[in-house]
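Take a look at the structure below.
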Number of protein chains: 2
Amino acid sequence: MAVTSLSGNGRARATMRDVAALAGVSLKTVSRVVNDEPGVSPAVRDRVRSAVRRLDYRPNLAASTLRRTGARTGLVGALVEDISNPYSAGVLRGLEDVARERGTGVLAASLDGGADRERALVHDLVTRRVDALVVMPASERQDYLVGELRTGTPVCFVDRPPRGVECDAVTVDNVLGARLATGHLLDRGHRRVGAVLFQPWISTARDRLAGFVAAHTERGLHAQGRLVVDDLTTAEQATEATHRLLALDDPPTAIFASRNILAAGAARALRDLGLGHEVALVGFDDFPLADLLDPPLTVVRQDMERIGRTAAARVFARVDGDTSPPQHVVLEPVLVPRGSGEISAPS
Amino acid sequence: MAVTSLSGNGRARATMRDVAALAGVSLKTVSRVVNDEPGVSPAVRDRVRSAVRRLDYRPNLAASTLRRTGARTGLVGALVEDISNPYSAGVLRGLEDVARERGTGVLAASLDGGADRERALVHDLVTRRVDALVVMPASERQDYLVGELRTGTPVCFVDRPPRGVECDAVTVDNVLGARLATGHLLDRGHRRVGAVLFQPWISTARDRLAGFVAAHTERGLHAQGRLVVDDLTTAEQATEATHRLLALDDPPTAIFASRNILAAGAARALRDLGLGHEVALVGFDDFPLADLLDPPLTVVRQDMERIGRTAAARVFARVDGDTSPPQHVVLEPVLVPRGSGEISAPS
DNA sequence: TTGAAAGCGGTACCAA
DNA sequence: TTGGTACCGCTTTCAA
């Protein structure tokens with residue numbers, strides 16, 4: 001097997017000048033050929049092309065970006081909660097698919113819930129002159145963007161709408177999603193439905209709580225505060241909270257988990273107690289293998305890739321000159337019944 | 001709530017020249033301050049700093065990259081199977097964490113198994129002058145890299161070693177992993193162990209088959225070819241293959257699935273047949289919720305984030321001038337017993 | 001159809 | 001400690 005070593009041979013790249021010399025033409029002519037501009041005779045064009053190949057010439061993006069008016073770096077920045085969680089990764093994937101079509105690269109970074117990190121990374125990405133930003137915010141308010149974006153870098157929020165600044169956003173209808181989930185349980189006769197929620201200062205958490213309450217109200221029922229636990233961050237906390245709920249005198253017969261990791265934690269608690277087939281469970285956000293659990297997990301699903309693609313469409317429209325007022329696209333989540341949510345209330 | 005619109009106000013950025021004018025110093029002095037070079041009096045430094053703030057000056061990376069000798073773009077390219085699968089996402093996360101420490105960004109793209117896409121993206125990333133590349137190869141041979149990397153861009157392979165070119169690589173010991181998994185089953189008395197494998201032209205698939213066979217041989221047993229199904233790509237195919245295996249006259253009492261999605265497919269088949277607690281199953285590659293399945297899925301786990309971090313360490317060492325011979329780091333996978341793999345053979 | 005010269009925003013090198 | 005000037009690799013403008 002032929003193997004060639006690659007270590008330590010940093011030969012210099014050919015420049016446009018080198019190509020011009022080899023092809024016996026001027027710099028400008030090479031530029032025309034490389035950029036597919038008209039006004040070059042076929043013969044010359046071929047001569048330049050072959051010189052390009054012989055020298056393995058690659059245009060220096062930094063140089064052209066520098067001189068070109070309205071320069072593009074061909075880069076979008078994407079700030080997500082955590083690259084390695086399925087939700088973020090799905091959004092990134094959708095974004096990537098649209099970006100690829102325009103030859104744009106995706107510069108992705110994880111925020112891990114850090115508002116300070118969000119600011120620092122936005123600053124860095126703006127300094128790098130990315131063409132646009134897609135942000136899944138970790139901060140409560142995004143006023144700081146006003147200063148960052150004075151030069152017109154388009155931004156689109158995903159997952160949560162921005163606060164303190166007006167720009168495009170793509171979210172799902174969280175109230176609707178929670179209403180669907182909770183209503184599904186109530187319609188199966190459950191009258192004590194527990195809720196495990198995440199941090200109440202995050203708008204999506206508040207919306208999902210609102211949907212939980214609304215589903216009750218719509219049916220002339222009352223959501224019970226003692227069955228609601230919030231400010232849960234990890235799956236372990238959700239497991240513990242579920243244990244606590246089920247240990248009440250009058251325990252819930254069904255549970256709504258407002259986020260995928262919390263649903264996982266709740267499912268674990270039910271399994272631990274052998275109540276997986278007794279207590280109903282509906283989660284918010286789908287995840288891989290949810291249908292292989294016992295019982296298969298009923299969820300409200302949002303299409304992450306679609307969110308990513310939609311956000312990409314927004315920012316690229318802005319890059320291409322769309323100056324219409326900020327748009328807020330709200331996608332509808334759908335209920336996916338699989339088993340855990342169809343357990344009826346005990347009679 | 002104060003809200004400021006951001007649409008359509010593309011004011012020009014301040015340049016170093018503007019800062020120099022405002023601070024009443026020369027261009028070069030501003031450059032010194034911005035780059036923290038010595039030889040500037042504290043007074044002048046402060047004056048420049050405040051001018052930088054007042055104008056919200058951001059150094060133009062393209063410009064400095066252009067002139068600076070041994071310029072860095074502060075970007076690494078990462079080519080993975082699919083950003084949105086947990087394996088790729090984990091590697092990316094590890095890579096990101098190390099890259100962030102040096103202020104380097106990660107430009108990630110999905111290959112979706114396309115060898116042509118791999119070549120095209122490598123070409124694009126090299127043209128973009130990324131400082132280094134981390135590649136989870138989709139192609140069979142990577143000879144083409146020899147041309148691409150003549151200028152010395154460091155590359156590190158992950159998941160699979162390169163073929164046709166010598167460079168750094170970080171992989172796991174796939175033979176060992178499959179031996180652990182298969183041996184685990186054989187040691188519980190199983191004598192007919194089925195295997196569901198992916199594409200045989202991928203080296204990791206061959207290694208895992210080799211480990212499957214070796215586990216038998218070490219125990220004086222013979223792996224049975226009729227129980228091996230390969231060239232499986234999707235979970236659905238694995239489900240179908242598992243159904244076929246279990247429909248044999250002398251069906252396997254245990255199954256080794258050589259990749260996470262195949263394990264999911266096999267688990268589904270077992271559940272469909274109500275054999276989840278009869279037929280043992282061990283998968284290669286962990287994934288979220290594997291421990292919530294019924295029975296919880298026993299797997300051989302590789303630490304994706306560690307792979308990413310290790311690969312990052314390799315390429316950054318190269319960027320920093322390490323010219324030692326190519327290194328191949330092999331990490332050891334570990335068996336995680338959870339239930340599905342501990343089902344004994346029927347007596 | 002082609003080319004010469006200026007300049008994008010910075011850094012390198014050397015002089016003051 | 002500071003500044004001037006050439007120049008990185010390419011695009012722009014305008015002339016031939």
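Letters A, B, ... are given to chains in the order of the sequence lines, protein chains preceding strands, and every chain is numbered from 1. Bear in mind that the values here come from a model prediction, so they are computed numbers and not experimental data.
The phosphate of D:dC8 has neither OP1 nor OP2 within less than 4.0 Å of any side-chain N or O from A:Asn60. Between A:Thr29 and the phosphate of C:dT2, there is no side-chain N or O to OP1/OP2 separation shorter than 4.0 Å. Side-chain nitrogen and oxygen atoms of A:Ser41 include at least one within less than 4.0 Å of the OP1 or OP2 phosphate oxygen of C:dT2. For A:Ser26 and C:dG3, the shortest distance from a side-chain N or O to OP1 or OP2 is below 4.0 Å. In this model, the phosphate group of D:dT11 is approached by a side-chain N or O of A:Arg68 to a distance below 4.0 Å at OP1 or OP2.
At a threshold of 4.0 angstrom between heavy atoms, the contacts of B:Arg58 are confined to the sugar-phosphate backbone, with no base atom among them. Heavy atoms of B:Val44 sit under 4.0 angstrom from primed sugar atoms or phosphate atoms, though from no base atom.
At a cut-off of 3.5 angstrom, the base of D:dG3 holds at least one donor-acceptor pair with the side chain of B:Arg32. Side-chain N/O atoms of A:Arg67 and base N/O atoms of C:dG7 include a donor-acceptor pair closer than 3.5 Å.
Looking at the side chain of A:Ala63, the nearest of the listed nucleotides D:dC10, C:dT11, C:dG3 is D:dC10. Taking only side-chain atoms of A:Ser31, from C-beta outward, the nucleotide of D:dT11, D:dT2, D:dC10 with the closest atom is D:dT11.
Side-chain atoms of B:Arg117 do not come within 3.5 Å of backbone N or O of B:Ala138 as any donor-acceptor pair. A donor-acceptor contact shorter than 3.5 Å links the side chain of B:Arg318 to the backbone of B:Ser324.
Mapped onto DNA chain D by nearest heavy atom, B:Leu66 and B:Lys28 fall at different nucleotides, with B:Lys28 at the one closer to the 5' end.
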